[in-house]
Number of protein chains: 2
Amino acid sequence: MPTTHPHAEVLHADALTALPTLTPESVDCVLTDPPYNSGGRTPTERARQSTRGKYVSGSARHTLADFAGDNRDQRSYSYWLALVLAECLRACVPGGSCLVFSDWRQLPATSDALQAAGWTWRGIIVWRKPLNRPLRNGFRRECEYVLWGSSGPLADRDQPVYLPGLLTGSQPRAGRRHVTEKPVNVMAELVEICPPGGTILDPFTGSGTTGVAAVHAGRSFLGIEVTDHYAEIANARVLHAMQQAPAGNTA
Amino acid sequence: MPTTHPHAEVLHADALTALPTLTPESVDCVLTDPPYNSGGRTPTERARQSTRGKYVSGSARHTLADFAGDNRDQRSYSYWLALVLAECLRACVPGGSCLVFSDWRQLPATSDALQAAGWTWRGIIVWRKPLNRPLRNGFRRECEYVLWGSSGPLADRDQPVYLPGLLTGSQPRAGRRHVTEKPVNVMAELVEICPPGGTILDPFTGSGTTGVAAVHAGRSFLGIEVTDHYAEIANARVLHAMQQAPAGNTA
DNA sequence: CCTTGCGATGAATCCATAT
DNA sequence: GATATGGATTCATCGCAAG
């Protein structure tokens with residue numbers, strides 16, 4: 001158990017640039033939500049630099065900023081994600097876990113990347129989104145997925161934990177900061193895979209929900225975010241969470 | 001709409017032998033649960049163990065028969081499943097759907113096989129199993145998955161349907177006939193992807209739960225099962241279901 | 001303060017039309 | 001002929017205002 005106070009920080013940088021600068025085995029867990037590179041009807045539309053146009057419909061289209069790095073084809077996606085996750089593995093302690101969000105379409109490619117990077121695939125956590133569109137003459141796409149890997153055998157714990165394999169949580173609506181912002185209750189369950197007092201790394205921080213959940217649970221947080229706009233927002237949110245949570249809380 | 005009575009039949013044969021004999025475009029939907037080949041950790045373990053040893057713990061071990069075809073490595077699994085699913089595509093009407101069960105470990109390989117066979121991948125349906133073992137220091141494996149594909153663009157319907165993307169149902173325990181028997185309520189939701197009065201093909205019939213659900217929903221059923229023991233059971237169950245459901249019920 | 005009702009929305013998708 | 005664009009579609013859920 002670390003005797004230092006928990007800390008939290010968001011680097012304003014590209015993941016593939018910043019990750020190699022991290023100290024090996026300096027974090028206990030990786031928890032991240034990469035751009036899925038999944039939407040869009042045509043190659044042109046996928047490659048376009050507006051994630052709002054791809055993912056947000058109706059009148060909400062004008063309110064949120066775009067995010068970067070959502071313009072790869074599927075082959076490049078696997079390759080790029082494998083590079084990122086390999087650097088994450090290097091930065092992570094043996095026995096630590098890696099959790100990566102994915103939609104149904106990219107799930108196989110994400111599992112390839114996770115394993116190509118050297119993580120041992122451990123399972124799939126299902127995130128059910130109550131708010132979703134029906135699909136005519138077919139099955140609703142009402143879930144997203146979190147792929148779980150570990151760096152070698154799972155580390156044992158003083159206090160064993162038993163975590164759920166299916167999480168339910170609505171995407172934030174009012175006051176949403178990011179097109180793909182995750183609900184705090186879902187992130188709160190996921191950060192439990194990190195031992196109390198440990199450090200969580202998120203190379204695609206976005207609006208910083210992972211960091212907020214980490215700090216609230218007494219974990220330290222290291223975020224990386226390339227878009228100015230979101231790096232600022234994430235920093236502010238994480239610092240705010242630090243002020244709420246008394247330093248030293250490792251419950 | 002067919003004017004003939006619904007019919008149901010289980011062939012006692014190997015899938016790859018029997019499927020090529022089917023008339024092209026003679027079924028409306030494929031719904032099946034292939035042997036997952038994923039229980040053992042090592043090739044030796046996979047090849048040696050009986051299916052009872054792999055999938056059944058405790059006292060149920062004595063009562064259920066082994067089933068065949070569960071000893072392929074992952075590469076062969078994809079290849080073999082692609083062959084089977086390609087034959088299914090040939091037998092299926094354009095616009096028809098294919099639903100294939102998979103566990104988390106085989107999901108990527110199953111999606112490869114589905115697409116290699118020529119089906120258009122449409123999504124993942126999550127099956128939540130309420131009864132499951134917790135996992136120490138990790139996330140429960142409480143879901144299995146159904147991969148959904150279509151033969152080209154989805155066929156339109158007189159009565160559009162909007163189906164759920166997450167199903168909950170407990171595996172049968174008492175009175176279970178097969179090690180991997182599926183709950184009837186889950187199968188009942190899945191058969192709805194087949195137009196009323198249409199025919200459902202299941203090349204790995206097992207104890208015939210798919211057939212029972214199909215008949216109850218007024219669909220015709222064509223099953224294929226290689227193991228004597230299960231082919232008999234499935235035939236009996238499907239015939240029994242036919243007697244319950246009045247012929248001509250296509251509701 | 002709790003309940004009711006109305007309106008907006010979703011890491012979309014489909015088809016028809018235009019380029 | 002291939003690709004791009006526009007507009008319609010669907011409903012459980014959630015926010016918000018009114019009662």
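Quick note: numbers below take in every heavy atom, side chains included, and nothing from hydrogens, waters or symmetry partners. Numbers restart at 1 for each chain; the letters A, B, ... are given by sequence-line order, proteins then strands.
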Whether B/Arg219 and B/Glu192 form a salt bridge (side-chain N of Lys/Arg under 4.0 Å from carboxylate O of Asp/Glu) is what I want to check. yes
Sorted by chain and residue number, the side-chain hydrogen bond (donor to acceptor under 3.5 Å, both in side chains) partners of A/Asp14 (sequence neighbours excluded) come out as A/Thr17
Can you check the A/Arg72 CZ to C/dA11 C1' distance for me, whole Å? 16 Å
At under 4.0 Å between heavy atoms, what does B/Pro160 touch on the DNA or RNA strands: base, sugar-phosphate, or nothing? nothing
Looking only at the side chains, is there a donor atom on one of A/Asp66 and A/Thr51 sitting less than 3.5 Å from an acceptor on the other? yes
From CZ of A/Phe101 over to C1' of C/dA11, roughly how many Å is that when rounded to an integer? 12 Å
Applying ring pair (Phe, Tyr, Trp, His ring centres under 6.0 Å), name anything that partners A/Tyr36, two or more places apart in sequence or on another chain. none
Within the 4.0 Å heavy-atom criterion, would you say A/Pro172 contacts the bases, only the backbone, or no part of the nucleic acid? nothing
Which helical stems does DNA chain C take part in, if a stem means at least 3 consecutive Watson-Crick or G-U pairs with both distances below 3.5 Å? C:2-10 with D:11-19, C:12-19 with D:2-9
Which residue pairs pass the salt bridge (charged side-chain N to carboxylate O under 4.0 Å, His left out) test with at least one member in residues 87-101 of chain B, sequence neighbours excluded? B/Glu87-B/Arg90
Provide the distance between the two C1' atoms, one in C/dT13 and one in C/dT9, to the nearest whole Å. 16 Å
Could you write out each protein N or O paired with an N or O of nucleotides 11-17 of chain D at a distance under 3.5 Å?
{"residue": "D/dT13", "atom": "O2", "partner": "A/Arg173", "partner atom": "NH2", "Å": "3.3"}
{"residue": "D/dC14", "atom": "OP1", "partner": "A/Ser170", "partner atom": "OG", "Å": "2.6"}
{"residue": "D/dC14", "atom": "O4'", "partner": "A/Arg173", "partner atom": "NH2", "Å": "3.0"}
{"residue": "D/dC14", "atom": "O2", "partner": "A/Arg173", "partner atom": "NH2", "Å": "2.8"}

Rounded to whole angstroms, how far apart are OH on A/Tyr55 and C1' on C/dT9? 18 Å
Output the rounded distance in Å from CD (A/Glu142) to P (C/dA11). 12 Å
Integer-rounded Å distance: C/dG10 P and A/Trp127 CH2: 12 Å
Under the side-chain contact (heavy atoms from CB on, under 4.5 Å) rule, collect the residues that match up with A/Ser220, sequence neighbours excluded. A/Pro6, A/His7, A/Thr199
Would you say C/dT13 has OP1 or OP2 under 4.0 Å from some side-chain N or O of A/Arg141? yes
For B/Asp156, answer base if it contacts any base atom (sugar-phosphate contacts may also be present), sugar-phosphate if it contacts only those atoms, and nothing otherwise; contact means non-hydrogen atoms under 4.0 Å. nothing
note: A/Asn137, atom CG; D/dT9, atom C1'; distance rounded to Å ~ 12 Å
Separation of C/dT13 atom C1' from A/Asp103 atom CG, nearest Å, is 14 Å
How would you list all residue pairs meeting ring pair (Phe, Tyr, Trp, His ring centres under 6.0 Å) that involve residues 184-204 of chain B, not counting sequence neighbours? B/Trp80-B/Phe204
For B/Arg157 and D/dT10, what is the distance between atoms CZ and C1' respectively, to the nearest whole Å? 16 Å
List for me each residue that meets ring pair (Phe, Tyr, Trp, His ring centres under 6.0 Å) alongside A/Trp119, sequence neighbours excluded, and say none if there are none. none
Would you please indicate if the ring centroids of A/Trp121 and B/Trp104 are separated by under 6.0 Å? yes
Among residues at least two apart in sequence or on other chains, which ones pass ring pair (Phe, Tyr, Trp, His ring centres under 6.0 Å) with B/Tyr145? none
A/Tyr36-C/dA11 aromatic stacking (under 5.5 Å, under 30°): yes
Could you tell me how far C/dA11 sits from D/dG7 if I compare only their P atoms? Round to whole Å. 23 Å
